Amino acid sequence: MSHLTALNNYFTEKREAHLEELKQFLRIPSISSLSEHKADMQKGAEWLADSCTKAGLENVIVDKTKGHPVVYADWLHAEGKPTILVYGHYDVQPVDPLNLWESEPFEPEVRDNKLFARGASDDKGQVFMHVKAVEALLQTEGSLPVNVKFLIEGEEEVGSPNLEAYIEENKAKLAADVIVISDTGMQGPGQPAVCYGLRGLCGVQIDVKGAKGDLHSGLYGGGVQNSIHALVSVLDSFRDAEGTIQVEGFYENVRPLLDEEREAYRALGFDEEELKKEVGVDELFGEKGFSHLERVWARPTLEVNGVFGGFSGEGIKTVLPSEAGAKITCRLVPDQDPDEIVAKLKEHIEKNKPTGVTVTVTEFDKGKPFITPFDHPAIQAAGRSYEKVYHVPTAYTRGGGSIPIVAAFDEILGLPVVLMGFGLSSENFHAPNEHFHLENFDQGLRVIGDYYYELADLTKEQLKK
């Protein structure tokens, strides 16, 4: 009997029992951002640790950090075979607004073959699948084809403030050949995708200060600088009419797209007309010479996220605002460095600052971009496992967003990172009525189990990044 047949039989037999176990996990309100749920965070970690132990994993511990605990577990008896480090998170987002949920967020409910609950897709459901894949292989084969380590944290939804230090302190314990993360999505229903890159992030706030207080526009208008006009002048200097960023040196380290990547994106057949309808615009916008997917996956951005200042109440108030501000974020691509980009932004702002005001720049979140070459053997192996189960070609994509801890894994441990998710963009993660399509739960279990065999056929030398 092939391993896929054995896995299929096992998961078919255990499906209802596994769903009931997952519902237990989902009933724990492990909301990391709310202090009143600290005990629930501990409970969630302990439940997961117990599940790992029952699955047959060893050296299971709930490890303390300065914040919420991490769960570590391993199985290390596949001598000479690669080691996989599986990362995920057991914490979830808050549930507000509660009145928009069709069922209780922490009382899981199956409707239309979808499992509704906070954390169903992001990320408890996907973490649980990896635990059950290990269980299935140990139960059907008696061993694993590779060595496996689990590192499941409780602070991803608040930016993983303590995990980077934990990784640094436990480099030897976390040593592996490849990192596998199931916290991303598929290209669409029935369309599996391996994500091999994510954009980085940096953010700043610009505060403009003019006169010591708001001034009457009749008495001072035309003679004293208006802080909002000054701010608009700075903001307008960032991009040209076609969206090309005008900050000196902004593009100098951008890694160009490979011809093979551009061809892979074209092969996806992305419908830009459908996107226009979806978001409600007449035209898309962005750098010339790039498709929409190339713009959002592999090109950097500079966006104004918010502007504030002056009077915005009902009617008119004839003042020259003394203060104005804006929040700016940049999505970054390999090989851009967030600190270097922030320095370039500050230089640009200082150079383009109008007279009559002072400008202060405050730095905020930063995260480095990440990429594992899409032709890397670990990436291609994941694609083969998807195709065996879904029976369609796998898409190789980048993500336009940022998961800063992924870049930290890449930088600290120096390992290839494989993002093989099973969620769909329509599943309302971070929103009311979060859910997980159970066909992807079912098929994903089989994909993960097969992937361990695919990796077992690779040497440690082949897996080096």
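Just so it is clear, the model here is predicted, and its values are computed rather than measured.
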- More than 12 heavy atoms from other groups under 6.0 Å of NZ on K23: yes

- Are D63 and K173 ion-paired here, with the side-chain N under 4.0 Å from a carboxylate O? yes

- Task: Please name the residue in the list K124, K43, E157, Q42 that meets the side-chain hydrogen bond (donor to acceptor under 3.5 Å, both in side chains) test with S30.
- Result: K124

- Residues two or more places apart in sequence or in another chain: which of them pass ring pair (Phe, Tyr, Trp, His ring centres under 6.0 Å) with F116? H435

- Message: Quick check: do L85 and L413 have side-chain heavy atoms less than 4.5 Å from each other?
- Response: yes

- Query: Does the pair E363/K346 count as a salt bridge with the N-to-O cut at 4.0 Å?
  - Reply: yes

- Between the side chains of T83 and K460, does any donor sit under 3.5 Å from an acceptor? no

- Item | Within 6.0 angstrom of K344 NZ, more than 12 heavy atoms from elsewhere | yes

- With a 3.5 Å cut-off and no angle check, do the side chains of N59 and D74 form a donor-acceptor pair? yes

- Task: Measure the spacing between CD1 of I28 and CG of L48 and express it to the nearest 0.5 Å.
- Result: 9.0 Å

- Message: Does anything in residues 142-154 form a side-chain hydrogen bond (donor to acceptor under 3.5 Å, both in side chains)? List the pairs, not counting sequence neighbours.
- Response: Y87-E153, E153-S160

- Could I get the full list of ring pair (Phe, Tyr, Trp, His ring centres under 6.0 Å) partners for F441, not counting sequence neighbours? none

- Are the charged groups of K54 and D50 less than 4.0 angstrom apart, N to O? yes

- Message: I need the full list of ring-ring contact (aromatic ring centres under 6.0 Å, His included) pairs touching residues 23-56, with sequence neighbours left out, sorted by first then second residue.
- Response: F25-W47

- Message: Under the rule for side-chain hydrogen bond (donor to acceptor under 3.5 Å, both in side chains), what residues qualify as partners of E274, not counting sequence neighbours?
- Response: none

- Message: Is it the case that over 12 heavy atoms from other parts of the model lie below 6.0 angstrom from the CD atom of E164?
- Response: no

- Query: Hey, are R299 and E294 close enough for a salt bridge, meaning a charged N less than 4.0 Å from a carboxylate O?
  - Reply: no

- Output all residues satisfying side-chain hydrogen bond (donor to acceptor under 3.5 Å, both in side chains) with S51, sequence neighbours left out; order by chain, then residue number. none

- Would you please name every residue forming a side-chain hydrogen bond (donor to acceptor under 3.5 Å, both in side chains) with E79, sequence neighbours left out? none

- How many angstroms lie between atom CG of L34 and atom CD of E36, to the nearest 0.5 angstrom? 4.5 Å

- Task: Working to the nearest 0.5 Å, report the span between NZ of K368 and SG of C202.
- Result: 12.5 Å

- Message: So, using side-chain hydrogen bond (donor to acceptor under 3.5 Å, both in side chains) as the criterion, who are the partners of Y265 when residues are at least two apart?
- Response: Y196, R398

- For T394, which residues count as a side chain to side chain contact (heavy atoms under 4.5 Å, CB included) partner, sequence neighbours excluded? P192, V194, Y386, E387, Y396

- Message: Consider side chain to side chain contact (heavy atoms under 4.5 Å, CB included). Of D183, T184, D91, N428, which one does D122 pass it with?
- Response: D183

Taking distance alone, no hydrogens or angles, what donor-acceptor pairs closer than 3.5 Å link side-chain atoms of residues 130-140 to residues at least two apart or in another chain?
residue	atom	partner	partner atom	Å
H130	ND1	Y452	OH	3.2
H130	NE2	S182	OG	2.8
K132	NZ	E21	OE1	2.9
K132	NZ	E21	OE2	3.4
K132	NZ	E135	OE1	2.6
E135	OE2	Y10	OH	2.6
E135	OE2	H18	NE2	3.1
T140	OG1	A136	O	2.7

- Message: Under a plain distance cut-off of 3.5 Å, with no hydrogens placed, do E427 and S121 share a side-chain donor-acceptor pair?
- Response: yes

- Query: Under a 4.0 Å N-O cut-off, is there an ion pair linking R27 with E104?
  - Reply: no

- Tell me, please, which residues at least two apart from H430 pass ring pair (Phe, Tyr, Trp, His ring centres under 6.0 Å). none

- Note on the structure: Sorted by chain and number, sequence neighbours left out, salt bridge (charged side-chain N to carboxylate O under 4.0 Å, His left out) with K81 holds for none

- Task: Report, as yes or no, whether the 6.0 Å neighbourhood of atom NZ on K276 holds more than 12 heavy atoms from other residues, nucleotides or ligands.
- Result: yes

